[in-house]
Number of protein chains: 2
Amino acid sequence: MAKKLEFTPEVQQIARFSKALSHPVRVYILQKLSKMNSCCYSGDLVEELPVGRSTLSQHLKELKYAGLIQGEINPPYIKYCINRENWERAKKLYIDFLNENHSVNIPCGETEPLTHL
Amino acid sequence: MAKKLEFTPEVQQIARFSKALSHPVRVYILQKLSKMNSCCYSGDLVEELPVGRSTLSQHLKELKYAGLIQGEINPPYIKYCINRENWERAKKLYIDFLNENHSVNIPCGETEPLTHL
DNA sequence: TTTATATTTCGCAAACATACGAAATGTTTT
DNA sequence: AAAACATTTCGTATGTTTGCGAAATATAAA
């Protein structure tokens, strides 16, 4: 009878961050921004990514909405950087989530090849 | 001139795992399965989740496709468990990805409140 | 063999995501 | 003021995701 459970804030936040990370263009941008200690122009990114300017702009908007990047307006450019605070928050969330296993269980049969991965 | 970059396998795999993790129902299922060292019936899950049986079945199918769970047929039930091998793989991928920052950079201005998080 | 149970697949509808080019915005240079 | 530039927003097309209930599948119990 426990129907209609409320998801915990952690579960909801993992789902939100994961949605932001669910497209290779966005993963690439975050990887680049987190590696290069400085920031990055939209115009630089469009050169190396297989999408047009307006599409890239939407991906950047989504990452900004998710709180993972921030933009500094530096006319006529906009420099994008990692939002370190939320990046650390994401790290904690994922590490906690992925470490939650209490012990190793008995394998459960039927492990298939997964050729598509 | 470096247009049309190929995404690395790591970037693509993070995007795939993240897609699987981009819905609270699926995050909840993985959290539960990774915590409880044993397995879980679809019928038990439907009791505590705000979706119907057929919808839950689709979410389970997606997690299975992503390689994160596996099902042991134990008629007339199907027991689902974490796929430990790929769960560990995901852990490594995310930890590497989230630790890739080379140093702390100069903050980049324009940090907004993010009330929706 | 019929009935009950657990789960999945099918068919459909509504909402969302991804992509593009054209037009809009705002700034700098001429 | 006009031209050039970087970027975003708008409108639109197309595909994918999420959800449901009904029908299908397959096993167990009566």
Side-chain angles (χ1 to χ4, degrees), chain A residues 3-5 7 11-12 15-30 33 39-66 68-81 108-110 112 116, chain B residues 3-5 7 11-12 15-30 33 39-66 68-81 108-110 112 116:
Chain A
K3 263 275 191 193
K4 308 292 170 222
L5 152 145
F7 294 112
V11 165
Q12 293 184 56
R16 264 192 295 262
F17 279 145
S18 296
K19 206 168 117 195
L21 286 171
S22 70
H23 193 290
V25 164
R26 295 194 292 267
V27 174
Y28 177 87
I29 293 169
L30 286 172
L33 289 182
C39 301
C40 206
Y41 301 106
S42 171
D44 297 341
L45 286 167
V46 85
E47 292 299 315
E48 42 191 299
L49 286 170
V51 290
R53 285 164 196 284
S54 57
T55 305
L56 173 60
S57 193
Q58 274 184 232
H59 284 304
L60 289 166
K61 192 176 163 188
E62 260 191 87
L63 288 173
K64 211 170 157 185
Y65 179 80
L68 292 170
I69 65 170
Q70 57 200 261
E72 185 193 6
I73 296 157
N74 200 341
Y77 301 95
I78 298 181
K79 261 169 50 171
Y80 284 102
C81 337
C108 198
E110 202 199 331
E112 276 154 56
H116 62 283
Chain B
K3 263 276 188 192
K4 306 295 172 220
L5 154 146
F7 294 113
V11 165
Q12 294 184 58
R16 264 192 294 262
F17 279 145
S18 296
K19 205 168 117 196
L21 286 171
S22 70
H23 194 290
V25 164
R26 294 193 293 267
V27 175
Y28 177 87
I29 292 169
L30 286 172
L33 289 183
C39 301
C40 205
Y41 300 107
S42 172
D44 297 341
L45 286 167
V46 85
E47 291 301 316
E48 43 190 299
L49 286 171
V51 290
R53 285 165 197 285
S54 58
T55 305
L56 174 61
S57 193
Q58 274 185 232
H59 284 305
L60 289 167
K61 193 176 163 189
E62 260 192 86
L63 288 173
K64 211 170 157 185
Y65 180 79
L68 292 170
I69 66 171
Q70 55 200 262
E72 184 192 6
I73 296 157
N74 200 341
Y77 301 94
I78 297 182
K79 262 170 46 172
Y80 283 102
C81 338
C108 199
E110 203 202 331
E112 275 153 58
H116 62 283

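Numbers restart at 1 for each chain; the letters A, B, ... are given by sequence-line order, proteins then strands.
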For [X] against [Y], the heavy-atom pair lying closest together:
{"X": "B/V46", "Y": "B/L56", "value": "N-CD2, 3.6 Å"}
{"X": "A/A15", "Y": "B/H23", "value": "CB-C, 3.9 Å"}
{"X": "B/L33", "Y": "B/Y80", "value": "CD2-O, 3.4 Å"}

Can you check the [X] [atom1] to [N] [atom2] distance for me, whole Å?
{"X": "A/L60", "N": "C/dA19", "atom1": "CG", "atom2": "C1'", "answer": "15 Å"}
{"X": "A/L56", "N": "D/dA6", "atom1": "CG", "atom2": "P", "answer": "14 Å"}
{"X": "A/E47", "N": "D/dT7", "atom1": "CD", "atom2": "P", "answer": "10 Å"}
{"X": "A/H23", "N": "C/dA17", "atom1": "NE2", "atom2": "P", "answer": "12 Å"}
{"X": "A/Y41", "N": "D/dC5", "atom1": "OH", "atom2": "P", "answer": "17 Å"}
{"X": "A/L63", "N": "C/dT18", "atom1": "CG", "atom2": "P", "answer": "11 Å"}
{"X": "A/R53", "N": "C/dA24", "atom1": "CZ", "atom2": "C1'", "answer": "16 Å"}
{"X": "B/Q58", "N": "C/dT9", "atom1": "CD", "atom2": "P", "answer": "10 Å"}

Exercise. Classify the angle between the aromatic ring planes of A/Y41 and A/Y77 as parallel (below 30°), tilted (30 to 60°) or perpendicular (above 60°).
Key: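 Judged by the thresholds at 30° and 60°, the geometry between A/Y41 and A/Y77 is tilted.
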Practice problem: Measure from the side-chain heavy atoms of B/E62 and tell me the nearest of D/dT18, D/dG19, C/dT18. | Solution: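 Minimum distance to the B/E62 side chain belongs to D/dT18.
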Quiz item: Which sits closer to the 5' end of DNA chain D, B/T55 or A/T55, going by the nucleotide each is nearest to?
Solution: A/T55
